[in-house]
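See structure below.
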Number of protein chains: 2
Amino acid sequence: MTARRAASARATINDVAAVAGVSRGTVSRVLNSEAYVSDAARSAVTDAISKVGYVRNSAARNLATRQSHAVGLVVHEPHSLFLEDPNIGSILLGINSALSDADYQLVSLVIDSERDSHRVAEYLSGGFVDGVIIVSARAHDPIAKVVAELGIAAAFVGHPVDIEGIPYVGIDNFSAAKAITTKLKETGRRRIGMIAAGLDRDSGQDRMAGFRAALGDAFDPDLVITTPLYAHTSGIDGMRLLLDRAPDIDGVFAASDAMAAGVLDVLREVGRSVPGDVGVVGFDDSAWATRAQPPLSTVHQPAGQLGRRAAESVLAQLRGETVDTAGIFLETAIVWRDSA
Amino acid sequence: MTARRAASARATINDVAAVAGVSRGTVSRVLNSEAYVSDAARSAVTDAISKVGYVRNSAARNLATRQSHAVGLVVHEPHSLFLEDPNIGSILLGINSALSDADYQLVSLVIDSERDSHRVAEYLSGGFVDGVIIVSARAHDPIAKVVAELGIAAAFVGHPVDIEGIPYVGIDNFSAAKAITTKLKETGRRRIGMIAAGLDRDSGQDRMAGFRAALGDAFDPDLVITTPLYAHTSGIDGMRLLLDRAPDIDGVFAASDAMAAGVLDVLREVGRSVPGDVGVVGFDDSAWATRAQPPLSTVHQPAGQLGRRAAESVLAQLRGETVDTAGIFLETAIVWRDSA
DNA sequence: CTTCCGTCTGGGAACGCTCCCAGTCGCGAT
DNA sequence: ATCGCGACTGGGAGCGTTCCCAGACGGAAG
């Protein structure tokens with residue numbers, strides 16, 4: 001008698017109202033902790049709620065209020081991202097913490113196929129979320145386009161070149177790359193190469209430009225290897241190529257820590273000491289950097305902050321504030337360890 | 001005139017009906033691709049849809065149908081998980097692909113604080129998702145408890161000891177640990193130690209038990225180091241301790257690849273060769289295994305399948321099928337590389 | 001010509017909330 | 001005694017769908 005299966009017929013606000021002996025309106029007011037509810041009514045309602053085991057039906061609430069109190073995070077290519085980009089975890093945590101403070105629920109949506117892409121677009125436009133954060137979108141990203149057209153609150157982490165009017169948060173890749181290359185040069189290196197990646201995004205382009213700017217006249221295009229992915233294996237292949245082209249190479253800037261780790265592996269294999277024979281620097285200050293032998297000198301990205309700021313921008317839009325769409329650039333820092 | 005801002009007032013099914021000159025019911029039938037709609041009506045509706053820029057409001061749909069076509073994935077402690085457990089990415093992809101096939105949307109929910117925990121519980125009970133998958137829940141997990149009480153469709157990846165009646169997918173940790181330890185022993189090792197972790201879950205306990213079973217009389221409790229986390233640093237600390245206790249140690253089973261990588265680092269540091277002086281085996285067959293020097297012999301986990309099977313179980317429950325709550329154990333395989 | 005059935009359509013009635021208007025009550029000020 | 005106002009409550013209307021029943025239509029079978 002007592003233990004009815006809750007799954008089949010869930011208690012509604014009306015049941016609560018009936019048990020508490022008040023009206024629907026009063027229950028709603030208690031639920032949303034509004035003013036103008038007498039203590040007696042309030043406690044009658046809370047008692048009734050626990051008695052009937054009431055949980056609010058969000059679908060109905062969303063329908064009535066036209067908001068969901070949820071923000072989506074769109075993650076592309078989860079495979080490469082989770083495995084190769086250790087910053088995604090910190091970004092996610094930063095987003096979550098900012099949303100959590102505002103009592104918004106973060107829901108992550110993974111895109112792994114064409115079909116996913118459509119479904120997610122529908123999900124976003126269907127009122128499941130009030131806003132969206134998109135991480136590392138490439139140019140011509142279909143989701144980014146849908147979001148832009150829909151006019152839904154949104155922010156990017158990283159800068160998609162072809163989308164205007166949506167705020168984004170990022171770092172100054174050019175300056176950071178220039179700074180660490182300069183520092184590497186100042187350790188007395190004469191022949192410095194680079195392994196570049198992700199040239200289909202601003203970030204990749206800018207890191208390469210920064211490298212070039214730092215080197216000035218000493219820049220030699222032959223010593224720049226470009227690969228599509230920021231992967232460990234890209235670092236290995238790239239370094240082999242560099243050694244082929246310039247056996248006298250004495251410095252390498254890898255555009256990610258994962259690639260820098262690959263560079264170290266090759267150098268160890270061919271018996272060159274680091275930082276004795278060759279100085280190596282990376283980018284990201286990810287877990288790769290501290291694990292590497294020797295630990296990498298690299299550029300620290302404020303990944304958590306990146307996420308947090310993007311989330312805050314979305315929340316501000318949700319509050320109806322107008323936000324700057326110019327882009328926010330956070331400070332990076334050089335972390336000097338033992339690899340150069 | 002033409003380009004009205006879509007954000008403010010979105011077209012509803014009624015607008016579509018009006019423009020198409022049919023009734024609400026017919027539009028709904030077209031939307032859900034039901035039978036019994038004339039070709040004329042169908043094309044009038046599709047035309048009207050694109051004309052007014054209609055997108056379906058899911059909140060209303062969920063309310064009416066009492067389902068959301070979404071499944072939640074609850075991820076605890078994202079920090080340690082994303083950084084230390086490289087399998088989570090594959091599990092996620094496996095889940096996503098299974099759900100995607102059934103046209104269900106995966107939404108990942110991160111739990112990083114007490115408050116998150118409450119909010120997620122509310123989210124799950126509020127009708128945002130039809131089912132839920134929980135990865136690596138510990139004992140006394142509050143979310144797991146809520147899910148169990150709610151009677152919502154659910155599945156676990158990994159086995160939470162204190163929850164009954166919910167299906168789970170896992171591997172046979174005991175047999176796998178026993179098998180790889182046996183194989184290590186067969187390379188002629190006499191003094192084999194273990195670095196165990198995660199003893200607050202079945203998986204950790206079982207790996208230790210498997211190790212013990214493989215060794216039989218040769219088992220020496222002093223040669224088992226236990227640490228809470230499956231982390232790289234745990235491996236480093238553990239190996240130092242083992243060398244202290246048994247300088248003549250010639251084999252190590254680390255309960256994760258990350259720890260095994262730490263073991264290798266220490267052995268290199270003290271000048272012991274691998275696999276010459278010491279044979280090392282890990283567990284997971286994660287990216288750590290192939291990156292390590294030398295590459296690790298380890299236990300391969302079918303991570304993608306783990307996720308897929310869990311998702312399929314949830315989908316089956318959603319179709320109203322009764323599923324076996326006994327637990328599904330997937331096959332592991334030993335991958336023999338160069339570290340032993 | 002009637003009957004029956006399959007095809008197609010319209011629209012009332014939910015679904016479970018929130019919003020908001022109308023109204024009651026009690027109390028201090030006039 | 002009357003008024004005004006703040007505190008509180010009830011309940012109708014509406015959010016945008018789906019569900020489903022009633023009914024129209026047309027053609028084949030009797």
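Per chain, numbering begins at 1; letters A, B, ... match sequence-line order.
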task = Check if the side chain of B:R24 and the base of D:dT18 share a donor-acceptor pair of N or O atoms closer than 3.5 Å.
result = yes

key: Atom pair distance, as rounded to whole Å: CG in A:L31 and C1' in C:dG16   = 11 Å

remark   = When B:D39 and A:N57 are each assigned the nearest nucleotide of DNA chain C, the 5'-most assignment goes to B:D39

request  = Establish, with yes or no, whether the OP1 or OP2 oxygen of C:dG10 is under 4.0 angstrom from a side-chain nitrogen or oxygen of B:T26.
outcome  = yes

key: Nucleotide C:dA13, atom P - distance to CG of B:L63 in whole Å   = 18 Å

request  = Answer yes or no: does a side-chain N or O of A:Y36 lie under 4.0 Å from OP1 or OP2 of C:dC20?
outcome  = no

message = If we check side-chain contact (heavy atoms from CB on, under 4.5 Å) with B:R61, which of these qualifies: B:R56, B:R66, B:Q67?
response = B:R56

query = Would you call the rings of A:F329 and A:Y168 parallel, tilted or perpendicular if under 30° counts as parallel and over 60° as perpendicular?
reply = perpendicular

ask   = Between C:dC17 atom P and A:N62 atom CG, what is the distance in whole Å?
value = 12 Å

Minimum-distance nucleotide to B:T65 side chain [options: C:dC15, D:dT18, C:dT18] = D:dT18

inquiry  = Side chain of A:S23 only, heavy atoms from C-beta on: which candidate in C:dC8, D:dT18, D:dT9 is closest?
reply    = D:dT9

remark   = Winner on side-chain proximity to B:T12, out of C:dC17, D:dG16, D:dC8, is D:dG16

message = Quiz question: by atom type and distance under 3.5 Å, do the side chains of A:S68 and A:N62 form a donor-acceptor pair?
response = no

request  = Compare all side-chain heavy atoms of B:V135 with those of B:I88 and state whether any distance is below 4.5 angstrom.
outcome  = yes

inquiry  = Can you measure B:R42 atom CZ to C:dC8 atom C1' for me and round it to whole angstrom units?
reply    = 11 Å

ask   = Are B:R115 and A:D103 close enough for a salt bridge, meaning some N to O gap below 4.0 Å?
value = no

message = Of the options D:dA7, C:dG10, C:dC17, whose atoms approach the side-chain atoms of B:R29 most closely?
response = C:dG10

request  = Would you indicate, yes or no, if C:dT18 has its OP1 or OP2 atom less than 4.0 angstrom from a side-chain nitrogen or oxygen of A:R66?
outcome  = no

task = Scan B:V147, B:T325, B:V132 and name whichever one has a side-chain contact (heavy atoms from CB on, under 4.5 Å) with B:I166.
result = B:V147

query = Considering only heavy atoms and no angle criterion, is a donor-acceptor pair shorter than 3.5 Å present between the side chain of A:R10 and the base of C:dG16?
reply = no

request  = Can you pull out how bent the helix from C:dC1-D:dG30 to C:dT30-D:dA1 is, comparing the axes over its first five and last five pairs, to 10°?
outcome  = 60°

message = Between P on C:dC17 and CZ on B:F128, what's the gap in Å once rounded to a whole number?
response = 13 Å

request  = Evaluate the ring planes of B:H69 and B:Y104, with Trp represented by its six-membered ring, and classify them as parallel (under 30°), tilted (30 to 60°) or perpendicular (over 60°).
outcome  = parallel

inquiry  = From CG of A:N14 over to C1' of D:dG10, roughly how many Å is that when rounded to an integer?
reply    = 13 Å

request  = Go through C:dT18, D:dT18, C:dC8 for me and flag the one nearest to the B:A64 side chain.
outcome  = D:dT18

note = Of A:L92, A:I91, A:N96, A:L109, the one forming a side-chain contact (heavy atoms from CB on, under 4.5 Å) with A:L73 is A:L92

key: Touch class at under 4.0 angstrom, heavy-atom based, for A:A41 against every strand present   = sugar-phosphate

ask   = Does a side-chain N or O from B:R61 land closer than 4.0 Å to OP1 or OP2 of D:dT18, or not?
value = yes

request  = Answer with base, sugar-phosphate or nothing: what part of the nucleic acid does A:N32 contact at a heavy-atom distance below 4.0 Å?
outcome  = sugar-phosphate

